[in-house]
Amino acid sequence: MTQLSAFWNRNHPNGIDVTLLETDGDLDSVLESVTVRLDALYARAAKESRVAEFLTDIYTALTSIGLADKTRPLPQSNRISAIGNIWLLERYGFLQPDEYNGLQLEFEDIF
């Protein structure tokens, strides 16, 4: 994978548009690590009947990231958090991907 991007309400001033590049590390490993962790957290929340609370935490984190100063680079940890949270919302059907929301994976052209 050469690029991993995530978007959330990017058509709004406080939306999110983040990207990780190959130079940021092994993107396949980053994505796998984040998704495995978030899957486990979601499963635990579901088992404990706390999905609504869990989703509130996800939306709060995304809102906080969206409110960050757009003139300064977003720390890599925040970009990874946003990517993971957007992935989770998309995976479990709480976010329908479109031109303003969702995950985008780009791979090297192999032909």
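Heavy atoms only: backbone and side chains are in, while hydrogens, waters and symmetry mates are out. Counting begins at 1 with the first residue of the sequence.
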Which residues pass the side chain to side chain contact (heavy atoms under 4.5 Å, CB included) test with Ser81, not counting sequence neighbours?
Ile65, Asn85
Straight-line distance of Asp24 CG to Thr19 OG1, nearest 0.5 Å
9.5 Å
Please report the interatomic distance CH2(Trp87) to CG(Leu105), rounded to the nearest 0.5 Å.
12.0 Å
Can you give the donor-acceptor pairs under 3.5 Å from side chains of residues 8-16 to other protein atoms, not counting sequence neighbours?
unit_1	atom_1	unit_2	atom_2	d
Arg10	NE	Glu99	O	2.9
Arg10	NH2	Glu99	O	2.9

If hydrophobic clusters are built from ILVMFWY residues whose side chains come within less than 4.5 Å, do Val18 and Tyr59 share one?
yes
Find the distance between CG (Leu103) and CG (Leu88) and round it off to the nearest 0.5 Å.
11.0 Å
If you take all heavy atoms of Val51 and Ala46, which pair is closest and at what distance?
CG2-CA, 3.5 Å
Shared hydrophobic cluster for Leu21 and Ile86 (ILVMFWY, side-chain gaps under 4.5 Å)
no
Of the non-hydrogen atoms in Gly102 and Pro97, which two are nearest, and what is the gap between them?
CA-CB, 4.3 Å
According to a 4.5 Å side-chain heavy-atom criterion applied to Ile, Leu, Val, Met, Phe, Trp and Tyr, with indirect links allowed, do Leu4 and Phe7 form part of one hydrophobic cluster?
no
With side-chain contact (heavy atoms from CB on, under 4.5 Å) as the criterion, how do Gln76 and Leu20 come out once you've worked through the C-alpha distance, each side chain's angles and the decisive distance to 0.1 Å?
CA-CA 8 Å; Gln76 184 173 351; Leu20 291 175; 4.0 Å; yes
Counting N and O atoms only, with roles assigned by atom type, does the side chain of Thr56 sit under 3.5 Å from a partner on the main chain of Ala52, one being a donor and the other an acceptor?
yes
Donor-acceptor list for residues 25-39 side chains, cut-off 3.5 Å, not counting sequence neighbours:
unit_1	atom_1	unit_2	atom_2	d
Asp26	OD1	Asp28	N	3.2
Asp26	OD1	Ser29	N	3.4
Asp26	OD2	Ser29	OG	2.8
Thr35	OG1	Leu31	O	2.9
Thr35	OG1	Glu32	O	3.2
Asp39	OD1	Arg91	NE	3.0
Asp39	OD1	Tyr92	OH	2.4

Approximate separation, where rounding is to 0.5 Å, of Arg50 CZ and Leu55 CG:
11.0 Å
Distance from Asp57 atom CG to Leu62 atom CG, nearest 0.5 Å?
11.0 Å
Is there a path of hydrophobic side-chain contacts, each under 4.5 Å between heavy atoms of I/L/V/M/F/W/Y residues, joining Phe94 to Leu41?
yes
